[in-house]
Protein chains: 2
Amino acid sequence: MNKPNSAPTMKDVAREAGVALGTVSKVINGIPVGESYRLKVEEAIKKLNYRVNSYAKGLKSNRTFTIAVMVPNLISPFFSKLVNCINKSLAQRGYRMLLCATDYDPEQEQSYVIMAEQQKVDGIICLSYNPNLQVSEDVPLISIDRYFGAHIPCVASDNYGGGALAAQALVRNGCKSLAFLRVGSKLTNEPNKRRDGFINACENMAVPYMMKILDDGQPYSAFEEFLQAHMQDGKLDFDGIFCVTDLLAHQIMGSLRQMGLRIPEDVQVVGYDGIRHFGDLDYTCSTIVQPVEEMAETCVDLVLEKNEGKTPSLICLPVRYAYGGTTRS
Amino acid sequence: MNKPNSAPTMKDVAREAGVALGTVSKVINGIPVGESYRLKVEEAIKKLNYRVNSYAKGLKSNRTFTIAVMVPNLISPFFSKLVNCINKSLAQRGYRMLLCATDYDPEQEQSYVIMAEQQKVDGIICLSYNPNLQVSEDVPLISIDRYFGAHIPCVASDNYGGGALAAQALVRNGCKSLAFLRVGSKLTNEPNKRRDGFINACENMAVPYMMKILDDGQPYSAFEEFLQAHMQDGKLDFDGIFCVTDLLAHQIMGSLRQMGLRIPEDVQVVGYDGIRHFGDLDYTCSTIVQPVEEMAETCVDLVLEKNEGKTPSLICLPVRYAYGGTTRS
DNA sequence: GCCAGGATTGGAATCGTTTCCAATTGTGCA
DNA sequence: TGCACAATTGGAAACGATTCCAATCCTGGC
């Protein structure tokens, strides 16, 4: 009641309780203190409705209990699910999350890193497509799906294994000839390994395959031309398609249906990600499911524990195949 | 280079540039200062790679340039789209976003409000289903879809108009008898008005309707029983259904198809929200589209400008009907 | 050439915590 | 009863920025 228009501070609490500043600090931080003192302080805190000013705390202690999370957007179901899981994981550990949607813009990504440093967050988890992202040494950074080098841990799903799994699933369902479709990316990031796994599996099974990989700026219609080119007598050259993401799978399926093809009768399609309708209903297509929860959990573990070089710098988490109606099983 | 293991401070910059602390502060904050001084300071900043410590800044200035955003989760496409838009809007204005996913838990929601106060964020935008959320006076709060009272601005889509629009769309497409389906909620929040708008429109058009509103804990299967009860000779009593959300619409359509009904031939379905496949492909069903971008923009405007009582406390933004394949047009 | 007055800069005080050291209290033993 | 030592508390300094007032510098006029 002394200073009307201002939140109570530790000093007010100390005065109210008739104890010293340091004692109040100890009570707040759970450091043992005389029983009677603790009670007086707790009472005063309640009476004044005191709240810690975390800016003062952050300034003094250099801990913010905030992690910055950087993703391209929240529109894509995979990203939003991932962020949702990371948020939950952080909350459980008493951390806050500063969210940064970068819209794939390298400049924005860089500016968020700078912002994160300014904000003095305790760490950054980032899913970036910016190959030359400059990161300061003193902010722990965890990368998802993109390997920057041994000094920055990278968490990813087992992209190579997933690619193989997709090929195997298609063949198991009777496909005789496969196709791999991917949108363009000059980046050598982890998801590119889906192709390698796919190719390797095809060769091991001695199954013919072809690929169509769009160049960076090429429009989606290039895929339609590709499909048209491989149509003969109302049938495709291949009877199984692995699309690099569920999103692409859906676009492709739209085109296939327009061309009069039935899925999965005429051609079977497998995607990658494990997107579900409305986040948790059924799968939107047969797909390779990324272990989003585990990936999120792993990122949070890594960013908080900053385990010194103990962990490998590339962590691949296992994927699984899930039936979603666009294959025979 | 003086203090090796620690980030440079304004003091270091001042020493490096040979000027006073206050001068550095002015340069950083764009307050006019002698040309030669400004250059010296800017050079020193670059040389030392100085970054503002926003915790010190926040402590002193009581501004954080951070807004807390509270939603139940990011799994639901509507929420994630909303958060995505809010994030973009905040970033454009130089604000950061602290994200809080509450999982519908009143306790968590409350704890986030407290956290937000501690963090001394500049404001909160919240989509809460907690009827008795306690909010402090000194943190500007904007509510989405839930009206707390005249002191807290509420942003919502035109739920009443949307309900009417849904009924009109179904009738326009030839429906003779309608049904309204909603999951339970004891809360009197804005989306409840969808029902009122629907009823009013039905009565104006003299079209018969029925409703099935689940009680709070009732399982989804209650809807299936309802549908079964209204089946006669392989046909439903009604030929148009308005579901209170797109998510419910999809669940209902699943049930309808299992019962052997064709959509939209046997029964037409309209949802509410305007969810799109993968965030920006086609609509997942015929639906009433919420103006998410505008809602986000409005929230951000309100929370930042804290316009003193000038704005109405309930802001309804216009909705529109969108065809999504589950009606005739 | 000198002084008054305006315009800038310099530097101290401050924000609300944490932390550390000195001061005080209390306990136990002789 | 008195003293020494352990255990706590009290209070000051520090974190890094902002802000305000006093001190300094310049300019222009006489």
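Labels below follow one simple rule: chain letters A, B, ... track the order of the sequence lines, proteins then strands, and each chain is numbered from 1.
- If you take CZ of A:Arg63 and P of C:dT17, they are 18 Å apart, rounded to a whole angstrom.
- No side-chain donor-acceptor contact under 3.5 Å links A:Ser89 and A:Tyr95.
- Residue A:Ser25 is classed as a base contact, given a heavy-atom separation below 4.0 Å to a base.
- Between B:Leu48 atom CG and D:dG16 atom C1' there is a gap of 15 Å when expressed in whole angstrom units.
- Between B:Tyr37 and C:dA7 there is no side-chain polar atom (N or O) within less than 4.0 angstrom of OP1 or OP2.
- B:Ser61 comes within contact range of no nucleotide atom at all, as no heavy-atom separation falls under 4.0 Å.
- Taking atom NZ of residue A:Lys57 and atom C1' of nucleotide D:dA14, one finds them 17 Å apart after rounding to whole Å.
- Using a 4.0 Å cut-off between charged side-chain N and carboxylate O, A:Glu42 and A:Arg38 make a salt bridge.
- When the side-chain nitrogen and oxygen atoms of A:Asn62 are compared with OP1 and OP2 of D:dC15, none of them lie within a distance under 4.0 Å.
- Under the 4.5 Å side-chain criterion, counting only non-hydrogen atoms from C-beta, A:Ile67 is not in contact with A:Val300.
- Counting atom types as modelled, B:Lys11 pairs no side-chain N or O with a base atom of D:dA17 as donor and acceptor under 3.5 Å.
- One interatomic measurement links the two molecules: CG of B:Leu21 to C1' of D:dT19, which rounds to 11 Å at whole-angstrom precision.
- In the set D:dG16, C:dG10, C:dT17, C:dT17 carries the atom at the smallest distance from any side-chain atom of A:Met10.
- Note: CZ (B:Arg15) to C1' (C:dG11) measures 15 Å, nearest angstrom.
- In this entry the distance linking CD1 of A:Ile45 with P of C:dG16 reads 16 Å, nearest Å.
- In the set D:dT9, D:dG16, C:dG10, C:dG10 carries the atom at the smallest distance from any side-chain atom of B:Ala20.
- Residues A:Lys46 and A:Glu16 are not paired through a salt bridge, judged by the lack of any N-O separation under 4.0 Å between the basic side chain and the carboxylate.
- Under 4.0 angstrom from either OP1 or OP2 of D:dT18 there lies no side-chain N or O belonging to A:Tyr55.
- Within a 6.0 Å radius of CD in A:Gln92, other residues, nucleotides and ligands contribute more than 12 heavy atoms.
- Figure legend: B:Lys40 and B:Tyr37 shown as a cation-pi pair, the cationic atom lying under 6.0 angstrom from the six-membered ring centre and within 45 degrees of its axis.
- Distance from the side chain of B:Asn53 is smallest for D:dA17 among the nucleotides D:dG10, D:dA17, C:dC15.
- Using a 4.0 Å heavy-atom cutoff across all strands shown, B:Gly22 reaches at least one base atom of the nucleic acid.
- In this entry the distance linking CD1 of B:Ile31 with C1' of C:dT9 reads 13 Å, nearest Å.
- Listed nucleotides: C:dT17, C:dG10, D:dG16. Nearest to the side chain of A:Thr9: C:dT17.
- One can place CZ of A:Arg38 at 15 Å from C1' of D:dT8, the figure rounded to the nearest angstrom.
- Taking every side-chain heavy atom of A:Leu59 into account, D:dG16 is the closest of D:dG16, D:dA17, C:dG10.
- In the set D:dT18, C:dT9, D:dC15, the nucleotide with an atom closest to the side chain of A:Lys60 is D:dC15.
- Where B:Glu35 and A:Tyr50 meet DNA chain C, the nucleotide closest to each residue was compared, and B:Glu35 sits on the side nearer the 5' end.
- Within the nucleic acid shown, B:Val24 has no heavy atom closer than 4.0 Å to any nucleic acid atom.
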